[in-house]
Each structure stands twice: as structure tokens, then as C-alpha cells.
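The structure appears right after this line, and notes come after that.
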Amino acid sequence: MGAYSFYKAATSVRIPSNEHPGPAIAKIQGNLDQLSGAGIDIPMNLRALMILDAAPPRYETAIQLCHNDNELADLTTSHAREALVASWEASVTKGNHKVGEAKKLSAVKRKGKDPAFKQQQQQHRNGNSQQQQQKGKGKARRGKR
């Protein structure tokens with residue numbers, strides 16, 4: 001293949017919006033490396049801009065952050081890759097956690113089965129007789145304050 005076909009292959013790759021951007025970025029870099037091997041050297045910052053240009057609109061914030069964090073002369077393909085991959089990973093992890101969803105945690109262990117209604121009635125009656133016995137033991141009347 002000629003140099004033009006390597007250039008055309010590098011510029012025709014689009015980073016998919018619903019998949020990890022890594023394979024598409026690697027494909028672009030591979031085509032640019034083959035172009036370099038054919039004798040046409042493309043500066044690193046232009047390579048990075050080509051990668052950023054291949055990104056879909058959902059990465060617009062990551063692209064802006066990449067431009068703001070790096071001077072154009074210092075921009076590298078690794079900067080572009082890190083920004084796009086970080087944006088992808090943030091969107092994937094954000095989708096896994098639903099807002100307002102809590103998992104039930106309890107350290108209290110249940111003992112046995114729930115009591116039946118008759119058992120509750122018996123417990124309630126026994127509790128009332130114990131309360132009446134305790135009332136008779138205390139002071140008969142309250143004093144003034």
C-alpha cells in the first residue's frame with residue numbers, strides 16, 4: 001500500500017460512541033506509524049489532533065479538557081488517548097450505579113419463625129397481668145412539686 005492509502009485509512013477511522021475507544025485509537029496510531037514508515041513523518045501534536053477529531057460528539061468535554069490541560073505544542077497521542085479512555089470509563093461506571101438505590105444491610109439476625117396471632121394474644125395477656133402487679137408495688141399517690 002502507498003502512503004496515501006495509509007493516510008486515508010488513518011483519517012477514515014471513527015471512534016465508536018458505544019464501545020471502548022482503545023481499539024479505534026490503536027488502529028489510527030498503527031496507520032500513522034505505517035505512514036511514518038513510508039517516509040512521511042507527522043508531528044506528535046498533529047497525530048493527537050487527528051485522534052481527537054475521530055471522536056464522536058459525546059467526547060466533546062474530554063476533548064476540551066485535553067486542550068485546556070496541555071499546550072498545543074506539548075499535546076501527545078497519549079494525552080488524547082488518556083482523555084478519551086477516562087471519559088469512556090466514567091460514563092460506563094456512571095451507568096452501573098442508579099441514583100437513589102441503596103442495598104439493604106442488616107446485622108440483626110432473625111430467630112425462628114414469626115409468632116402466630118394466638119401466641120401474640122397470650123403474650124399480651126401475660127404482659128398486662130405483670131404490669132398490674134407492678135403498679136401495686138409503687139407509691140399509691142404522687143406528691144406535689
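What you see below is based on every heavy atom in this structure, not just the backbone, and it leaves out hydrogens, waters and symmetry mates.
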With sequence neighbours left out, the residues meeting side chain to side chain donor-acceptor pair (under 3.5 Å) with His79 are Thr76
Side-chain (Asp74) to main-chain (Asn70) donor-acceptor, under 3.5 angstrom: no
Closest contact, heavy atoms only, Ala38 versus Ala3: CB-CB, 4.3 Å
About how many Å separate CG of Leu46 and CG of Asp41, when rounded to the nearest 0.5 Å? 12.0 Å
What's the spacing between Thr93 OG1 and Trp88 CH2 if we round to 0.5 Å? 11.0 Å
Taken to the nearest 0.5 Å, the spacing of Tyr7 OH from Leu32 CG works out to 9.5 Å
I'd like to know if Leu72 and Leu52 are part of one continuous hydrophobic network [Ile/Leu/Val/Met/Phe/Trp/Tyr, side-chain heavy atoms within less than 4.5 Å]. yes
Report the distance from atom CG of Leu84 to atom CD1 of Ile25, rounding to the nearest 0.5 Å. 4.5 Å
If two hydrophobic side chains count as joined below 4.5 Å and joins carry through other members, does Ile51 share a cluster with Ile42? yes
Compare all side-chain heavy atoms of Thr61 with those of Ser87 and state whether any distance is below 4.5 angstrom. no
Scan residues 17-37 for pairs that pass salt bridge (Lys or Arg N to Asp or Glu O under 4.0 Å), counting only residues two or more places apart or in two chains. Asp33-Arg47
Looking at CD1 of Ile63 and CG of Asp53, how far apart are the two atoms once the value is rounded to the nearest 0.5 Å? 8.0 Å
Roughly how far apart are Met50 CE and Ile28 CD1, rounded to 0.5 Å? 8.0 Å
Could you pull out all residues at least two apart from Arg58 that satisfy side chain to side chain donor-acceptor pair (under 3.5 Å)? Ser91
Compare all side-chain heavy atoms of Met44 with those of Leu75 and state whether any distance is below 4.5 angstrom. no
Tightest non-hydrogen contact, residues Ile15 and Pro56, listed as O-CD, 3.1 Å
